[in-house]
There are 4 protein chains.
Amino acid sequence: MLRGLTLNGLGAVENEERFIELAGAGGFRAVDVDARGLIERLGTDGALNKLQQHGVVIGAIGLSVEWRAGEDEFRAGLTGLTEAAAAAQSLGCTRCCTYILPSTDAKPAHFLALATRRLRVCAQILGAFGIRMGLEFVGPHHLRTAWKYPFIWTMEETLDWIDAIGEPNVGLLLDAYHWHTNGLASDDIKRLQAQQIVHVHINDAPNLPLEAVRDNDRLYPGEGVIDLEGFLRGLQHIGYDGIVSQEVLTPDMPKDKPEQLIRRSKAGFDRVFAAAGISK
Amino acid sequence: MLRGLTLNGLGAVENEERFIELAGAGGFRAVDVDARGLIERLGTDGALNKLQQHGVVIGAIGLSVEWRAGEDEFRAGLTGLTEAAAAAQSLGCTRCCTYILPSTDAKPAHFLALATRRLRVCAQILGAFGIRMGLEFVGPHHLRTAWKYPFIWTMEETLDWIDAIGEPNVGLLLDAYHWHTNGLASDDIKRLQAQQIVHVHINDAPNLPLEAVRDNDRLYPGEGVIDLEGFLRGLQHIGYDGIVSQEVLTPDMPKDKPEQLIRRSKAGFDRVFAAAGISK
Amino acid sequence: MLRGLTLNGLGAVENEERFIELAGAGGFRAVDVDARGLIERLGTDGALNKLQQHGVVIGAIGLSVEWRAGEDEFRAGLTGLTEAAAAAQSLGCTRCCTYILPSTDAKPAHFLALATRRLRVCAQILGAFGIRMGLEFVGPHHLRTAWKYPFIWTMEETLDWIDAIGEPNVGLLLDAYHWHTNGLASDDIKRLQAQQIVHVHINDAPNLPLEAVRDNDRLYPGEGVIDLEGFLRGLQHIGYDGIVSQEVLTPDMPKDKPEQLIRRSKAGFDRVFAAAGISK
Amino acid sequence: MLRGLTLNGLGAVENEERFIELAGAGGFRAVDVDARGLIERLGTDGALNKLQQHGVVIGAIGLSVEWRAGEDEFRAGLTGLTEAAAAAQSLGCTRCCTYILPSTDAKPAHFLALATRRLRVCAQILGAFGIRMGLEFVGPHHLRTAWKYPFIWTMEETLDWIDAIGEPNVGLLLDAYHWHTNGLASDDIKRLQAQQIVHVHINDAPNLPLEAVRDNDRLYPGEGVIDLEGFLRGLQHIGYDGIVSQEVLTPDMPKDKPEQLIRRSKAGFDRVFAAAGISK
């Protein structure tokens, strides 16, 4: 497993080039950045050099297509998706992720039908560039009733949706926070196969009843009550050898300097990986 | 368009062989029967002879697979589906239909994900035998709230679901009753292409506010308030040349003799087809 | 059926704007042009106005993606395809076509495997924009042995390939020349369903044994020996209501003025459509 | 990796029940048998007991559908496939395999188009029962020209075909003999991902030029010149944890007693697994 960072939880980092430098200097080996933007600013060779120089790879790009709104918005994003996919491929990145809100004001079956077709098209385009697509289920209970109807929030539902999409390159983005708020255990991960997981997010949660845990109130790995040892042991058990990226969403941007926050993150990773008996 | 019958609305017909005889004698050219059962009783040649002798073809078979319950029930039906599809093909039948209940106690997005995969498998098996699969949306308002959550009941939703299923041999079963209770007009049919329609049901509705029309309270074609002239003109306009089968669901089985009910049906067909200017 | 033109056979037409003017003035209702280029020069509104002003629609765009060479070339074309598809859609065009060379120096089964995946991706992208993809089989015998191994040249093979691609929006481009050089008859068209045909090319062939007919030695409709009456009657019979575009490939560009060549084309269309009893 | 046997190379074993007993007694943990036949003779519980009692699981069943001949033969096998898949699932077997002849008398592109559609249907049916489908490429050079045209024989071609089939549950059956006769190395396996391999065959080859190695002239593992150490190290490297089944095709059935042949097989497995540093 490769330890990675997202910008969420790092405070005021100037830009993604600086993010790359800080991540590398802080002992991380992967960053979730916008491959296409990086190439636009640095060129492909410049971007590759930047990454290599700081010893990091790109973990995942975000799915830029608007698949939740109208058909026009969806179509308007497809050219950008081909460009983003080509950019990601040229920088060696093989993952693209999006998340699923657990409730919706739309009629949920119809919305899922539309989204199935749209995400299939996205997966097909990404697949042409050798990129896998990860779907992140979102567990916090308050979001399950934030909109009128329930949508999708469990791992099982998400796996069934992935089957409905039906493309070989689609899998899960497994986030420790959503695993925790779904009440899942290490054994639930052990029932998966490694290739069903496209990407992993790590973070921690406050000591609250599961129903009260809020989505944007996350802690750094090892600073909360999530069983991250079990989480990582589960991943290790099934042979997951991809990236584990920190994602700490907070109500306000942390005020500490990025260097400090990365040190704190590093300490957290070290603690939980050691607890899980994972040396690398 | 070929005029056909289902057993619904014909009273106490002894069996499907008798149904074939009555339909042919009554001036109808298609019957919706169980092809497999017919072959089991008469043999393939016997079944073909029976149909030919009475001048009828099989309109559509019903989808025998249980796609709405658990995975085991679903799988248990697949062998029967291959046999039913082979039987249908050997009797020249190219349509297989199922209907969609408009509400559900299950989480609707998850149920749609499961059903998308299952119906895709059914379509793939049917497709191997040259058979198309028709999905019937169900319009009556009381069924939209009969279970906890809304599911799928409009033509647009159904077309979007067909896209999500993603197999070339899937289309609509368009039923006049559901078209009526959805408040659709002739123009809504004219926006379709003929090949999007796998099968058509015809019947009529009492003169009630749309919200009060109940699913099993149907009338014979031409005896109610549905704009069947507009319905048929729409189908004619787009070049639909398939089958139009009567389906009259009633609270109790009609007590008249089947011969009488078929004459009544024939008179209704004659009236509404004439009104639509369709000679054959 | 809408009568249309391609640039092949019209001599030295300055550009596609001029082509639109000439086609409209000459009594044709469709042109096969590059929608994206038109929009780049005139803007979307300007392009729409131009087409409307001259009473023509766009018949089909060409598939811009290189699907026959290496993987890099293929991928490099996908951004352009999304742009071309968006352009076509914004001008009301719903067809995109490519042709199949009947022999190949590559191992043919492997090449077909690669091409199946690539054309599926193209169809999926086009489908997101409501555009169908037409595959044109190429009949002339000399091309069947122009490269080392036989590939695909019959209508049946092409239909089977379309099934292998497996997307609902893929069909045939039926060209009279290839129908003729395959020795096909009107009945072969009558066995099709209208929706299996995405686009139609019309032209004529010299009075030679089929084996000697060369691909780029075509005549104007009605000036040769192809049974265009049977060809058009077949299309009429199955209810094809799309576009029939002239495509006359010749060893050298015709020297007559475009206006003359279009009059000649118009006379040919009039003759063969009249022979087939098709008034519009 | 689980060590398994096929009947090929074991001489005159009375039946599959006896095969299960011999394999278990001989220290093997998997057998490739006909799950459906086993259940027909022993019942599901009886078959499960038999397997459990002798400490073996079913490695893979063979694909019973005739996908290489006409459409009628293909369709006629689909009912049997659903039954075979259900039987396999009920006995815990998750693999079904077929092989690809490297040349063909049919036009190869057309044959691949037909076979792509047919194998996709098979994969879809198997997938409904949680079963993966493995395609075995066949390397011996004499078979590449045994029929008129080249078809598919390399690993790369097969992977490209699997992409063309496009179902998530399709992968390779990797046979050491075909890997050897294709001139592949350990590194070629290391470039794969474990989930691309559905099943593995092991055996050995005589010391002949690659071009002269014949398909049915195989040796027991460790008795020939195939780099089985590199083969197994490659599988180990990518985390393959499935089954490795011996398949020794010979011109005549070996005359030794099955017990002797299994001991010989066991000694070969022990030797090559030890050489590869694989303890279990």
Side-chain angles (χ1 to χ4, degrees), chain C residues 67-72 74-75 99-124 127 135 137-139 141 143-168 170-172 182, chain D residues 67-72 74-75 99-124 127 135 137-139 141 143-168 170-172 182:
Chain C
W67 56 270
R68 300 179 186 87
E71 202 61 22
D72 287 345
F74 168 66
R75 283 170 176 153
Y99 61 89
I100 307 162
L101 288 174
S103 56
T104 175
D105 283 338
K107 278 177 72 180
H110 184 218
F111 177 42
L112 192 115
L114 289 172
T116 298
R117 173 174 52 73
R118 290 174 187 166
L119 289 175
R120 184 184 301 141
V121 172
C122 293
Q124 290 160 338
L135 298 187
F137 57 93
V138 169
H141 295 223
L143 293 176
R144 302 178 186 185
T145 51
W147 296 276
K148 188 170 178 188
Y149 298 113
F151 193 57
I152 293 272
W153 64 70
T154 76
M155 190 166 81
E156 286 307 307
E157 289 165 352
T158 311
L159 290 170
D160 284 327
W161 192 13
I162 288 166
D163 283 346
I165 294 171
E167 293 294 317
V170 184
L172 293 174
N182 263 297
Chain D
W67 56 268
R68 301 179 186 88
E71 202 61 21
D72 287 345
F74 168 66
R75 284 169 175 155
Y99 60 90
I100 308 162
L101 288 174
S103 56
T104 176
D105 283 338
K107 280 177 69 180
H110 184 219
F111 177 43
L112 193 114
L114 290 172
T116 298
R117 172 174 54 72
R118 291 175 186 165
L119 289 175
R120 185 185 300 140
V121 172
C122 294
Q124 291 160 338
L135 299 186
F137 57 94
V138 169
H141 295 223
L143 292 176
R144 302 179 184 183
T145 51
W147 296 275
K148 188 170 178 187
Y149 298 113
F151 192 57
I152 295 272
W153 64 70
T154 75
M155 188 165 82
E156 285 307 305
E157 290 165 352
T158 310
L159 290 169
D160 284 327
W161 193 14
I162 288 167
D163 283 347
I165 294 171
E167 293 295 317
V170 185
L172 295 172
N182 263 297

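For clarity, every value in this text was computed on a predicted model and none was experimentally measured. In what follows, chains are A, B, ... by sequence order, proteins preceding strands, each numbered from 1.
A pairwise comparison of heavy atoms in C:Asp163 and D:Arg120 identifies O-NH1, 3.5 Å as the closest pair. Here the closest heavy-atom approach between residue D:Ala109 and residue C:Ile152 is recorded as CB-CG1, 4.0 Å. In terms of heavy atoms, D:Pro108 sits closest to C:Pro108 at CG-CG, 3.3 Å. The shortest non-hydrogen separation linking C:Ala164 to D:Ala113 is CB-O, 3.4 Å.
Note that NE2 of C:His110 and OG1 of D:Thr158 are 8.5 Å apart. Values are rounded to the nearest 0.5 Å.
Ranked by heavy-atom pairs shorter than 4.5 Å toward chain C, the options D:Trp161, D:Phe111, D:Trp153 are led by D:Trp153.
For C:Glu156, the side chain to side chain contact (heavy atoms under 4.5 Å, CB included) partners are C:Thr154, C:Leu159, C:Arg191, not counting sequence neighbours.
Scanning residues 144-151 of chain C against chain D with a 4.5 Å heavy-atom cutoff picks out C:Tyr149, C:Pro150, C:Phe151, ordered by number.
In this structure, no portion of D:Ile162 lies under 4.5 Å from any heavy atom of chain C.
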